[in-house]
Amino acid sequence: MADDAATFLGYERPDGSYGVRNHVLVLSILGLTSASARRIARLVRGTRCVTTPYGRGLIGADADLHRRTLTGLGRHPNVAAVLVVGADRKAVDRVAGEIAASGKPVEALALDDVHEDALALTDRGVRACVPLARDASRLRRVPAPLAALFCGLECGHSDTTSGLVANPLAGLVVDRLVEAGGRAVFGETVEWLGAEHLLAGRAATPEVGQAIRAAVARREALAVAAGLDLTGNNPGAENIAGGLSTIEEKSLGGISKGGRAPIRGLLGFAEPPREPGLYVMDGPAFSPESMTGMVSAGAQLMLFTTGPGNSVVSGLAPTIKISANPQASHRLAEQIDFDASAAFLGQEGLPAAAGQLFRLVLEVASGGLTLGEILDEGEEVVTRLQPSL
């Protein structure tokens, strides 16, 4: 792959990270203030809104996961400043304090402060967001090393072209990024089924390999306990229509988007990697949840491979849609950010196509818009583990 560009233009953050976007985040930490948060974000240019319908009655690991996800989104490099809104002052201050430890500006508003008046909360929120958005708009991009880039990898509506071309292309970009000192992660644990021995064989240590095998076994046990047969409902109908026949076949294609670098560790959902390198994340296979786990961990940019098409995108991380399906690339010409069909048709080699994809990654990291951003779409989904009290 050609090494003709080793930097991108990013926003330098106080904690030493670099954002590829410069959002002001309006973060509602529970459902009671979600409507107010959305109103605030609609009224202030430059903001992104993340809400969750949950927040109270969470216990144990579920409460920890909820808090880690919200804090991770607030501390995300693509976020310049944050307005945290919630119901009570204590909970709002706790989340805001953890985000503010990253050094970025944070404001916090509680519904208690305005005597449960949601419109008053909206008014205060808009007034708090205006200076945050103004200050964020004055930040400028600076050259950033490739080592500062952290890519998440996702696939959705896979077909035979995904495993043959689109995923290996993403894997070649990951190899280049990891070689330069960057970070990458892919998840969807149940879609390692049948290929977990290959992932474990790439683990940097025996302990990581054992953790990968254990993660797959846990997810499979969850399915069995629920009366499901993963080999009976995955691949899904759209995968089968696209030529995939078994979960093992789907898994073998899916893991190729992780390239060939050693796997440094198994991350929990929304857990940031501590060191550079390639990681796997133990998380759900449903794309919106899966992507939020990686974004909460700090991934600034998503590479999303698909066969016939898939329109879901992250709300905070630009999401590059990649397809090698000639029909999809023609039919969805405006919706596929990277058309890899020439490689599938044998009209160009994988290394040449990977070089083009690598350059697109740097262009997007430096400010080039993806389709999801042009349409101003995207959301984050805060996942759950168990019932509330």
Side-chain angles (χ1 to χ4, degrees), residues 151-174 184 186-195 198 230-259 283-291 294 301-314 317-354 356-358 360-361 364 370-372 375 377-378:
C151 281
L153 299 138
E154 183 69 33
C155 55
H157 285 190
S158 299
D159 67 7
T160 51
T161 68
S162 301
L164 291 172
V165 174
N167 289 333
L169 277 181
L172 287 172
V173 171
V174 166
F186 65 98
E188 304 172 281
T189 310
V190 297
E191 297 190 358
W192 309 339
L193 189 65
L198 299 176
L230 286 175
T231 61
N233 68 2
N234 199 341
E238 75 280 357
N239 302 135
I240 294 171
L244 299 177
S245 59
T246 65
I247 180 63
E248 292 84 358
E249 187 178 42
K250 185 178 180 183
S251 296
L252 290 170
I255 66 171
S256 65
K257 61 181 179 290
F286 184 49
S287 293
E289 289 178 273
S290 175
M291 285 198 293
M294 292 183 261
L301 189 147
M302 297 297 305
L303 300 183
F304 193 121
T305 64
T306 182
N310 188 308
S311 59
V312 66
V313 297
S314 164
T319 305
I320 298 174
K321 287 295 171 68
I322 305 160
S323 178
N325 182 317
Q327 295 176 342
S329 295
H330 176 74
R331 179 169 47 83
L332 306 175
E334 301 87 359
Q335 301 176 44
I336 299 299
D337 296 295
F338 187 80
D339 174 7
S341 60
F344 177 73
L345 295 171
Q347 296 168 350
E348 68 177 350
L350 280 180
Q356 295 172 30
L357 178 57
F358 181 72
L360 176 63
V361 167
V364 171
T370 62
L371 174 73
L375 298 180
E377 293 182 347

Locate the shortest heavy-atom distance separating [X] from [Y]; write the atom from each residue and the value.
{"X": "C151", "Y": "V361", "answer": "SG-CG1, 4.5 Å"}
{"X": "G307", "Y": "S323", "answer": "O-OG, 2.8 Å"}
{"X": "F304", "Y": "T319", "answer": "CB-CG2, 3.7 Å"}
{"X": "M294", "Y": "G152", "answer": "SD-CA, 4.0 Å"}
{"X": "T189", "Y": "G283", "answer": "OG1-N, 2.9 Å"}
{"X": "A184", "Y": "V174", "answer": "CB-CG1, 3.8 Å"}

Any donor-acceptor pair under 3.5 Å linking the side chain of [X] with the backbone of [Y]?
{"X": "W192", "Y": "G187", "result": "yes"}
{"X": "T306", "Y": "G156", "result": "yes"}
{"X": "D337", "Y": "L371", "result": "yes"}
{"X": "T305", "Y": "I322", "result": "no"}
{"X": "R331", "Y": "P308", "result": "yes"}
{"X": "S251", "Y": "A195", "result": "no"}
{"X": "H157", "Y": "G309", "result": "yes"}

> side chain to side chain contact (heavy atoms under 4.5 Å, CB included) with E289: which residues, sequence neighbours excluded?
Replying inline: P284, F286, V381, T383
>> The criterion is side chain to side chain contact (heavy atoms under 4.5 Å, CB included); which residues satisfy it with S162, sequence neighbours excluded?
In response: S158, D159, N167
> Step by step, would you call T370 with V313 a side-chain contact (heavy atoms from CB on, under 4.5 Å)?
Replying inline: CA-CA 10 Å; T370 62; V313 297; 5.9 Å; no
> So do L303 and F338 actually touch side chain to side chain, heavy atoms under 4.5 Å?
Replying inline: no
> Would a 4.5 Å heavy-atom cut-off, applied to side chains only, mark L252 and L198 as touching?
Replying inline: yes
>> List the residues meeting side-chain hydrogen bond (donor to acceptor under 3.5 Å, both in side chains) with E249, not counting sequence neighbours, and say none if there are none.
In response: S245
> Mind checking what makes side-chain hydrogen bond (donor to acceptor under 3.5 Å, both in side chains) contact with S290, not counting sequence neighbours?
Replying inline: E154
> Stepwise, does the side-chain contact (heavy atoms from CB on, under 4.5 Å) test hold for L360 with V364?
Replying inline: CA-CA 6 Å; L360 176 63; V364 171; 4.0 Å; yes
> Does a sphere of radius 6.0 Å around CD in E248 hold more than 12 heavy atoms from other residues, nucleotides or ligands, not counting ones at 6.0 Å or beyond?
Replying inline: yes
>> With side-chain contact (heavy atoms from CB on, under 4.5 Å) as the criterion, how do E188 and C155 come out once you've worked through the C-alpha distance, each side chain's angles and the decisive distance to 0.1 Å?
In response: CA-CA 9 Å; E188 304 172 281; C155 55; 3.5 Å; yes
Per-pair distances, 0.1 Å, donor-acceptor, side chain in residues 340-353, under 3.5 Å, sequence neighbours excluded:
from, atom 1, to, atom 2, distance (Å)
S341, OG, D339, OD1, 2.6
S341, OG, D339, OD2, 3.4
E348, OE1, Q356, NE2, 3.0

>> Using the salt bridge (charged side-chain N to carboxylate O under 4.0 Å, His left out) criterion, which residues pair with K321? Sequence neighbours excluded.
In response: none
